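Keep in mind the model is a prediction, meaning the values are calculated, not measured. For ligands, and for the atoms within them, numbers begin at 1 and follow the listed sequence. All residue numbers refer to positions in the sequence shown, counting from 1.
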Amino acid sequence: MPKVFPELHSSPVIHKLPKPILTKDDIPYDAALVFNAGVIKHEGKYLMVFRDDYGTDEQSFSPEHRFKGIKLGIAVSDNGIDGWKVWEKPLIDSVDITDSEVQRFYDPRITKIDGKLYLCLAMDTGHGIRGCVAALNDSLDGFELLSVSVPDNRNMVLFPEKIGGLYVRLERPFPVYGRGDIDRFDLWLSKSPDLRFWGEHALVLGVEDVPYVNDKIGPAAPPVKTEKGWLTTFHAVDRDKSRGKNGWEPTWDKRYSAGIMLLDKDDPSKVLGMSKMPLIAPDLPFETDAGFRQNVIFPGGMILEDSGEVKIYYGASDTVECVATADVGDLLALCTEKR
Ligand code: BMA
């Protein structure tokens, strides 16, 4: 029986906005759950690509009557906090996918490399979950898939520049055999000369390295560059069978929090330091006591401002999109302090 962790709290260096920044009520089309967004700065504004699971609500939801589909939508804000304007047309709607093998895309992450925008997406298919790297159109109304992994893999994030002449991504394969009878999924890295062919796979962080996790870890928001190295969040899951009904579904026994670590500037498979405590944990009422899956926070965007403020965008309860801020110096200190 894995160890169970009774309470987790966000780090004192984290300042959460008390209310979500985007919810279903802000969406000009069918929306039920609006969460797990990628966010970057683009052309003087903040550009968000969010996930929208639609077609049911808490009252009509049942294991037989689940969501009709998933759309990926676009929202833009002047300050990255409020005033989000949601574009009338989503980037994609799963019901419009014509390839019978592909069911849906979700959990978009966005990265700008050499001025061009790229998405990483999870893709559910008839033969497993696959991780995708895609180039976003200049008009932001579609994307071209550049690479699709073999199953099962997801939670990919791209580094915002080439390192040692190669593109680099973090990712989370699902090794179902050989790691015991619970999830035990780890965080990996791959490199590519062209964003299409990926190799030089390396383990970055094992689930056993994170003291507050008894289940699985994986990437969260794309890394940001600091003078000390690459600062990056990761998602961290602990499981407790006694949680029982903990959201809309009959059972939901997982809790998702987020960790923070520092990777070597030139060899990002090397972890220079990691906080031994969670950076962000579900601890606001709408994160712990409401929503589709309670006790879930999942970062998908991280922006380092010139002032040293870091904005971390995260989905809460798989239901709404939120933001927290922190000082970059405090985040780096968390990764290097010995405790
Ligand atoms: C993961 C993904 C995420 C989600 C999380 C918690 O497996 O599906 O999109 O936020 O579970 O439900």
Side-chain angles (χ1 to χ4, degrees), residues 8 20 22-24 31-39 48-54 56 58 61 63 66-67 69-73 94 103-110 119-125 128-132 149 151-157 170-176 182-187 207 213-222 233-240 243-259 278 280-282 286-288 290-301 312-322:
L8 295 178
L22 201 75
T23 75
K24 66 179 176 51
L33 312 176
V34 172
F35 66 113
N36 287 5
V39 186
M48 178 191 284
V49 184
F50 60 86
R51 165 177 175 176
D52 162 23
D53 294 26
Y54 66 93
T56 187
E58 188 166 4
F61 180 85
R66 291 183 70 87
F67 299 93
I70 298 183
K71 300 180 206 235
L72 302 182
S94 60
Q103 296 156 350
R104 59 191 80 82
F105 294 97
Y106 55 101
D107 289 359
R109 306 289 179 248
I110 183 162
L119 294 174
C120 290
L121 302 165
M123 177 173 107
D124 286 352
T125 77
I129 299 170
R130 306 177 69 182
C132 309
S149 76
D152 281 338
N153 197 333
R154 72 173 162 205
N155 309 125
M156 284 173 182
V157 295
L170 300 176
E171 62 198 301
R172 212 289 305 283
F174 303 30
V176 284
I182 50 170
D183 288 351
R184 312 300 292 174
F185 303 152
D186 313 296
L187 193 153
V207 64
V213 164
N214 65 15
D215 192 64
K216 60 181 174 179
I217 60 167
T233 52
F234 55 90
H235 73 270
V237 182
D238 76 284
R239 228 168 164 153
D240 177 354
R243 287 194 185 112
K245 187 161 168 62
N246 187 23
W248 298 8
E249 296 163 303
T251 57
W252 173 247
D253 64 5
K254 293 179 194 163
R255 170 174 49 190
Y256 278 64
S257 52
I280 310 179
F286 61 85
E287 297 168 352
T288 53
F292 176 61
R293 284 178 171 171
Q294 295 169 15
N295 290 302
V296 175
I297 68 93
F298 204 134
I312 302 173
Y313 296 88
Y314 65 97
S317 293
D318 282 2
T319 303
V320 291
E321 185 64 23
C322 302

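- Heavy atoms of Arg51 found under 4.0 angstrom from ligand 1 belong exclusively to the side chain.
- Below 3.5 Å of separation, one finds an N or O of Arg293 facing an N or O of ligand 1.
- Taken to the nearest 0.5 Å, the CG atom of Asn246 stands 11.5 Å off from the CZ atom of Phe292.
- Atoms of ligand 1 found under 4.0 Å from any heavy atom of Asn36 (numbered from 1 in listed order, with element): 3 (C), 4 (C), 9 (O), 10 (O).
- Ion pairing between a basic and an acidic side chain is recognised when a charged N comes within 4.0 Å of a carboxylate O; Arg51 and Asp53 show such pairing.
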Assess whether side chain to side chain contact (heavy atoms under 4.5 Å, CB included) is satisfied between Phe50 and Glu321, documenting all intermediate values.
-> CA-CA 8 Å; Phe50 60 86; Glu321 185 64 23; 5.8 Å; no
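- Here's the thing with Trp252: none of its N/O atoms is less than 3.5 angstrom from an N/O atom of ligand 1.
- Taking the centre of each ring, Phe298 and Tyr314 stay at or above the 6.0 Å mark.
- Residue Tyr256 places at least one N or O, backbone or side chain, under 3.5 Å from an N or O of ligand 1.
- Every atom of ligand 1 with a heavy atom of Phe298 under 4.0 Å away is listed here by number and element: 10 (O).
- Here Tyr256 contributes atom OH and Ser317 contributes atom OG; the two are 13.0 Å apart, rounded to the nearest 0.5 Å.
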message: Run the salt bridge (charged side-chain N to carboxylate O under 4.0 Å, His left out) test on Asp183 and Arg239 for me, step by step, so that the C-alpha distance in whole Å, both residues' side-chain angles and the decisive distance to 0.1 Å come before the verdict.
response: CA-CA 10 Å; Asp183 288 351; Arg239 228 168 164 153; 3.6 Å; yes
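- The distance from ligand 1 to the heavy atoms of Asp107 drops below 4.0 Å at these ligand atoms: 2 (C), 3 (C), 9 (O).
- Aromatic ring centres of Phe61 and Phe67 lie closer together than 6.0 Å.
- The protein heavy-atom contact nearest to atom 7 (O) of ligand 1 is Arg154 NH2, 2.6 Å.
- Ranking the protein heavy atoms by distance from atom 10 (O) of ligand 1 puts Asp318 OD1, 2.7 Å first.
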